[in-house]
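First the proteins, then the strands, lettered A, B, ... as listed; each starts at 1. Below, all heavy atoms of this structure are taken into account, side chains as well, without hydrogens, waters or symmetry copies.
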2 protein chains.
Amino acid sequence: MRIGVEQIGGWRRILIYGALFALGVLLLEWIDYQRLVRSRSSDIWLFLVALGFLVLGIYLGGRLLRAPAPRPFDGNPQARAQLGISDRELTVLEALAAGKSNRQIADALHVSPNTVKTHLANLYAKLEAERRTDAVARGRALGLIP
Amino acid sequence: MRIGVEQIGGWRRILIYGALFALGVLLLEWIDYQRLVRSRSSDIWLFLVALGFLVLGIYLGGRLLRAPAPRPFDGNPQARAQLGISDRELTVLEALAAGKSNRQIADALHVSPNTVKTHLANLYAKLEAERRTDAVARGRALGLIP
DNA sequence: ACGAAAATCACCCGTTCGGGCGATTGCCCC
DNA sequence: GGGGCAATCGCCCGAACGGGTGATTTTCGT
């Protein structure tokens, strides 16, 4: 069985960014206050403020508009359940996509090549494939493998 | 030997971002000038400047520290040339990834299965693969196929 | 016009793969 | 405690595949 990675931070993310922004505003306030009090050169302060927000923006932009994660890759439990693909079969499918031979898969899983063949035969039936390359292609199309 | 992908735009990127930054600075200058001339509320101006640079920063951050790009998929001509993979061989590789048999590939390309076998043998040699699934995996890893 | 590379096809041989059939062992659920 | 299912292993057989070798034609750059 594969685990479902990445799904954290939805709420926390918003909170964190909100907090960061608020912090920036507060900083701005403070900076403005300091400027008035000490009557420093407004040019320098303006530059510092701009620089600070530029950095903040770069940081935010770096995480906010980070490419929509090419594919969180959840293993597509829906399709998997629908087709009734077992844990072992999925494992074999992954090894298949890695380009391994039956022999290699058998060794990696500590089972007989015959067992691998059985798993493969079941996979072919469930994926409606007739060849290993076919199974890989269909498995990928279904999002079962990356 | 493996090739080194992604090394383009390094220079142009720096130039573009440098220009953008310079533009921001100029904008800042202009804004400051306007502020002095019209003697507007410095608070509002400071806020606007901060906001502007925040937006600029988000934009920059969005492209600067972006994940290695989910691969627009260009067929990776570099790797292809480096390995000396011909047009025909690429076509066969694509059909292979689609899960077709030698017979099907031969029919699709209007050639003999023997020819397909030859192309495949060349592909195996160039991709250092021993099986079709292996060739597909390596071809995909190299970005030769989607 | 020549040579190199690509594309095409053929044959042999041994291995792998796919299809079919059967069997045993656990485990869960009712 | 019987039915269902996943996982395991075995055997047989024919088809597909991979490895090797050799050959011809086309294409392209010089």
Between Arg80(A) and Ile85(A), is there a donor-acceptor pair closer than 3.5 Å when you use the side chain of the first and the backbone of the second? yes
Side chains of Leu144(B) and Leu127(B) in contact at under 4.5 Å (non-hydrogen atoms): yes
Quick one: list whatever passes salt bridge (charged side-chain N to carboxylate O under 4.0 Å, His left out) with Arg88(B), sequence neighbours left out. none
Side chains of residues 104-114 of chain A: which donor-acceptor partners sit under 3.5 Å, not counting sequence neighbours?
residue, atom, partner, partner atom, Å
Gln104(A), OE1, Ser101(A), N, 2.9
Gln104(A), OE1, Arg131(B), NH2, 3.3
Ser112(A), OG, Asn114(A), N, 3.0
Ser112(A), OG, Asn114(A), ND2, 3.2

Taking salt bridge (charged side-chain N to carboxylate O under 4.0 Å, His left out) as the test, write out the residues that go with Glu94(B), two or more places apart. none
Could you give the start and end, 5' to 3', of the contact zone on DNA chain D for chain B, using atoms under 4.0 Å from its heavy atoms? dC17(D) to dG19(D)
Can you find a heavy atom in the side chain of Gln82(B) that is under 4.5 Å from one in the side chain of Lys126(B)? no
Among all residues two or more places apart in sequence or in another chain, which pass the side chain to side chain donor-acceptor pair (under 3.5 Å) test with Ser86(B)? Glu89(B)
Reading nucleotides 4-18 of chain C from 5' to 3' and marking B where a protein heavy atom lies under 4.0 Å of the base, S where only the sugar-phosphate is that close, and - otherwise, the string is ---SBBB------SB
Lys100(A): which residues meet the salt bridge (charged side-chain N to carboxylate O under 4.0 Å, His left out) condition with it, sequence neighbours left out? none
Which residues pass the side chain to side chain donor-acceptor pair (under 3.5 Å) test with Asp134(A), sequence neighbours left out? Arg138(A)
Helix axis bend for the helix from dA1(C)-dT30(D) to dC30(C)-dG1(D) - C1'-based end axes, five pairs, 10° rounding: 60°
Ile58(B): side chain to side chain contact (heavy atoms under 4.5 Å, CB included) partners, not counting sequence neighbours: Leu60(A), Leu65(A), Leu54(B)
